[in-house]
Amino acid sequence: MRAGASVIREIAGEEEFKRISEENPMRVIHGEAIEVVKPEKLEREKKKGFWSRLSF
């Protein structure tokens with residue numbers, strides 16, 4: 001789980017990690033509604049193809 005936690009912290013930040021891993025589970029335990037944030041689409045950097053990397 002530590003590896004997953006570090007990835008979440010890196011991508012979403014410490015505040016979001018705390019909300020996901022601490023605040024929302026406690027709300028569920030107490031029967032409260034959880035805060036749902038609309039996900040953002042992450043774009044990966046497009047890699048150059050094999051032929052475009054070749055230099056002649």
Side-chain angles (χ1 to χ4, degrees):
M1 178 143 164
R2 290 182 184 173
S6 66
V7 171
I8 294 171
R9 282 186 176 111
E10 182 181 323
I11 294 173
E14 185 66 31
E15 185 178 315
E16 186 66 15
F17 173 75
K18 184 177 178 181
R19 187 181 68 77
I20 292 170
S21 64
E22 297 175 17
E23 294 173 12
N24 281 350
M26 288 305 294
R27 286 177 181 232
V28 170
I29 290 170
H30 294 295
E32 300 171 0
I34 61 171
E35 178 183 336
V36 178
V37 177
K38 185 177 179 182
E40 296 177 26
K41 184 175 181 179
L42 300 176
E43 297 288 334
R44 292 184 184 236
E45 188 175 309
K46 292 184 179 181
K47 295 182 180 181
K48 289 185 175 182
F50 174 78
W51 295 107
S52 64
R53 288 186 297 207
L54 295 178
S55 59
F56 295 100

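Given the structure is predicted, the values throughout are model-derived calculations rather than measurements.
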Quiz item: Say you draw a straight line from CD1 of Ile8 to NZ of Lys18; how long is it, rounded to the nearest 0.5 Å?
Solution: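 The distance works out to 15.5 Å.
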
Quiz item: Hey, what else clusters with Ile34 if you join Ile, Leu, Val, Met, Phe, Trp, Tyr whenever side-chain heavy atoms sit under 4.5 Å?
Solution: Val28, Val36

Quiz item: What are the two closest non-hydrogen atoms of Val37 and Arg19, and how far apart are they?
Solution: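 It is CG2-NH2, 3.5 Å.
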
Quiz prompt | Single hit among Glu14, Glu15, Glu16 for side chain to side chain donor-acceptor pair (under 3.5 Å) with Arg9 | solution =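 Only one of Glu14, Glu15, Glu16 forms a side chain to side chain donor-acceptor pair (under 3.5 Å) with Arg9, namely Glu14.
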
Exercise. Check side chain to side chain contact (heavy atoms under 4.5 Å, CB included) between Glu10 and all other residues, then give those that pass, not counting sequence neighbours.
Key: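 Scan of Glu10 (side chain to side chain contact (heavy atoms under 4.5 Å, CB included), adjacent residues dropped) gives none.
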
